[in-house]
Amino acid sequence: MSIIKAETHPLDDYLRTERLPHVWCPGCGIGTVLGAYLRAMKNVGLDSEKSIMVSGIGCTGRTAGYVRMDSFHTTHGRAIPFAVGLKAARPELNVTVFSGDGDLFAIGGNHIIHAARRNANITVIAINNFTYGMTGGQLAPTTPETGITTTSPYGNVESPFNLAGLIAVAGASYVARWTSLHVRRLEKSLEKALKKRGFSFVEVLSQCPTAYGRRNGMRDPVDTLKYFQKYAVVKNHVNPLEGVIEPNKPFILGEFVDAPEEATFEDKLWELTKSEFLHTSQAERSEWIIEHRRHLEILSRIISGRGEDNEQS
Amino acid sequence: MATESKTEKLLQKTGASLPRGEVYLIEDRCKGCGLCIAFCPKHVLVVSDRFNKKGYHPPELVEEEPLNVCINCGFCERICPEFAIFVKEKKKEE
């Protein structure tokens, strides 16, 4: 029995197939994680008409271009502010931020901790490949100690961020960490994150054979996954501050935080502004916003000083 | 291997059969990274000698009845970053 040739994939309904094959290098884990996310979306039964993917800049930022749903490729590090604003204006939409460690934690590090503090009802998927892949493998805030990159040729001397720990401390409702090898658990975790009301954060450790692995003895993507297989310890609900990743030492994967539901940022905003809008429900207000979008655009231009009148004067 | 004979004995004793899968591949999407080959729990995929449109070697299925066969676990489908490979359950012949 040999392999059967096929024309379409089961996930093709969720992908812009005309743009495939994607730009990621052979063996890159981003495609795997995107697949897990789309499967989780399918399992939860989310409507792709009502889902939005927001991404920043970088390799992972390119995902927004491959999903068959509304998506936005923001400026560097600003995926979170865009998503929080979107969710505040249109709470019925399911907003996911899909971005890399450099975009979310270096350039946009400020935004993500504040979104977690506010408990904005969005899902954030951060793919951590330990480096800035797209720009040529520079030192990132997640590069493990002694890791060799183009800007740390003698080994990194800084301690890396513990992303899951940082976001858990900032007050997120759901925090988990998996790798691109633990795809089934990642899928289940993403289902949970998508269903969760409140700020949910899933960190996915991934291989970067081209920029990081090549300089650290893992030229083949399989080597990095074998490394994950060797050192990953799956433990649920441990103290997230213990989840430090050190080279050649066991690191913890699992669900760190699964907090009971609290009022989200959008809920509080709605409570505060509903008397102003004179609407009875959030859905009604969303309809109103869609109806008056043109007027709101003009209004926001006038407020920010970008109106046509301003340009002339 | 010892475990295999154990499985064989158990299958004979209980009269149960392994679930079977059919492997499908969109050949021109494959970038030959080898993740499906390296992490297939039944080791039924190998690198082929063929080239696809992009010049990569897509995987090939090598099954040995009755035990070294695709059991429809779906791991290759999940680990494939290119949305190229997938499995479907094989209907039992009646």
Side-chain angles (χ1 to χ4, degrees), chain A residues 1-17 19-40 59 63 66-67 127 179-188 190 206-210 213 220-226 228-229, chain B residues 20-50 52-66 68-90 93:
Chain A
M1 174 112 206
S2 62
I3 228 157
I4 304 164
K5 278 189 186 171
E7 296 294 323
T8 54
H9 190 271
L11 287 176
D12 276 1
D13 293 347
Y14 291 85
L15 289 163
R16 294 185 203 179
T17 42
R19 303 201 59 194
L20 291 177
H22 48 60
V23 293
W24 301 311
C25 310
C28 174
I30 299 170
T32 310
V33 183
L34 178 62
Y37 168 74
L38 296 176
R39 273 185 202 96
C59 291
T63 42
Y66 298 112
V67 286
I127 299 191
T179 76
S180 50
L181 179 69
H182 299 74
V183 269
R184 278 178 197 279
R185 294 178 196 230
L186 171 66
E187 203 179 303
K188 292 274 168 245
L190 287 173
S206 168
Q207 70 273 29
C208 178
T210 312
D220 200 307
V222 175
D223 294 342
T224 318
L225 291 184
K226 288 258 160 79
F228 289 156
Q229 198 173 23
Chain B
R20 293 292 302 273
E22 286 173 327
V23 188
Y24 291 80
L25 178 74
I26 307 169
E27 206 167 284
D28 290 333
R29 279 192 195 171
C30 179
K31 286 184 192 163
C33 64
L35 296 187
C36 55
I37 296 164
F39 291 99
C40 173
K42 296 301 271 182
H43 308 288
V44 293
L45 294 168
V46 290
V47 188
S48 70
D49 299 329
R50 283 176 295 127
N52 67 6
K53 215 193 246 170
K54 303 255 173 197
Y56 293 111
H57 294 287
E60 207 171 44
L61 191 69
V62 179
E63 287 189 321
E64 261 178 58
E65 302 276 352
N68 291 330
V69 290
C70 172
I71 52 163
N72 193 30
C73 73
F75 198 74
C76 55
E77 180 181 336
R78 285 177 167 79
I79 199 114
C80 179
E82 307 295 330
F83 308 101
I85 198 166
F86 60 99
V87 286
K88 277 184 190 167
E89 200 182 343
K90 197 176 178 181
E93 289 155 26

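In the text below, chain A, chain B and the rest are named by the order of the sequence lines, each starting its count at 1.
- Taking 4.5 Å as the limit, every side-chain heavy atom of A:Trp24 sits out of range of all side-chain heavy atoms of B:Pro81.
- Among the candidates B:Glu22, B:Lys54, B:Lys31, B:Glu27, the residue making the largest number of heavy-atom pairs closer than 4.5 Å to chain A is B:Lys31.
- In terms of heavy-atom pairs under 4.5 Å with chain B, the best-connected choice from A:Gly27, A:Cys25, A:Ser180 is A:Gly27.
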- Full working for side chain to side chain contact (heavy atoms under 4.5 Å, CB included) between B:Phe39 and A:Val222: CA-CA 9 Å; B:Phe39 291 99; A:Val222 175; 4.1 Å; yes

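- Looking at B:Cys36, there are no atoms closer than 4.5 Å to chain A (heavy atoms on both sides), in backbone or side chain.
- Contact of the B:Val47 side chain with the B:Pro59 side chain is not registered, since no non-hydrogen atoms from C-beta on lie closer than 4.5 Å.
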List the steps, then state whether side chain to side chain donor-acceptor pair (under 3.5 Å) holds for B:Glu77 with A:His9. CA-CA 10 Å; B:Glu77 180 181 336; A:His9 190 271; 5.0 Å; no

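- Ranked by heavy-atom pairs shorter than 4.5 Å toward chain B, the options A:Glu7, A:Arg39, A:Lys5, A:Gln229 are led by A:Arg39.
- Atom CZ of B:Arg20 has more than 12 neighbouring heavy atoms from other residues, nucleotides or ligands inside a 6.0 Å radius.
- For A:Leu20, the part lying under 4.5 angstrom from a heavy atom of chain B is the side chain only.
- The side-chain tip of A:Arg19 points at the ring of A:Tyr66 from less than 6.0 angstrom away and within 45° of straight on.
- Ranked by heavy-atom pairs shorter than 4.5 Å toward chain A, the options B:Val44, B:Val62, B:Asp28, B:Leu61 are led by B:Leu61.
- Note that B:Lys88 lies in the cation-pi zone of B:Tyr24, set by a 6.0 Å cut-off to the ring centre and a 45° limit from the axis.
- Only the side chain of A:Leu15 has a heavy atom closer than 4.5 Å to any heavy atom of chain B.
- Residue contact with chain A, scored on non-hydrogen atoms closer than 4.5 Å, is absent for B:Ile37.
- Most heavy-atom pairs under 4.5 Å with chain B, from the set A:Leu34, A:Thr8, A:Asp220: that is A:Thr8.
- When each of A:Leu38, A:Val33, A:Leu186, A:Asp12 is checked for heavy-atom pairs under 4.5 Å with chain B, A:Asp12 comes out on top.
- A 4.5 Å side-chain heavy-atom check between B:Arg78 and A:Glu187 finds at least one atom pair inside the cut-off.
- Looking at A:Leu225, the atoms closer than 4.5 Å to chain B (heavy atoms on both sides) sit in the backbone and in the side chain alike.
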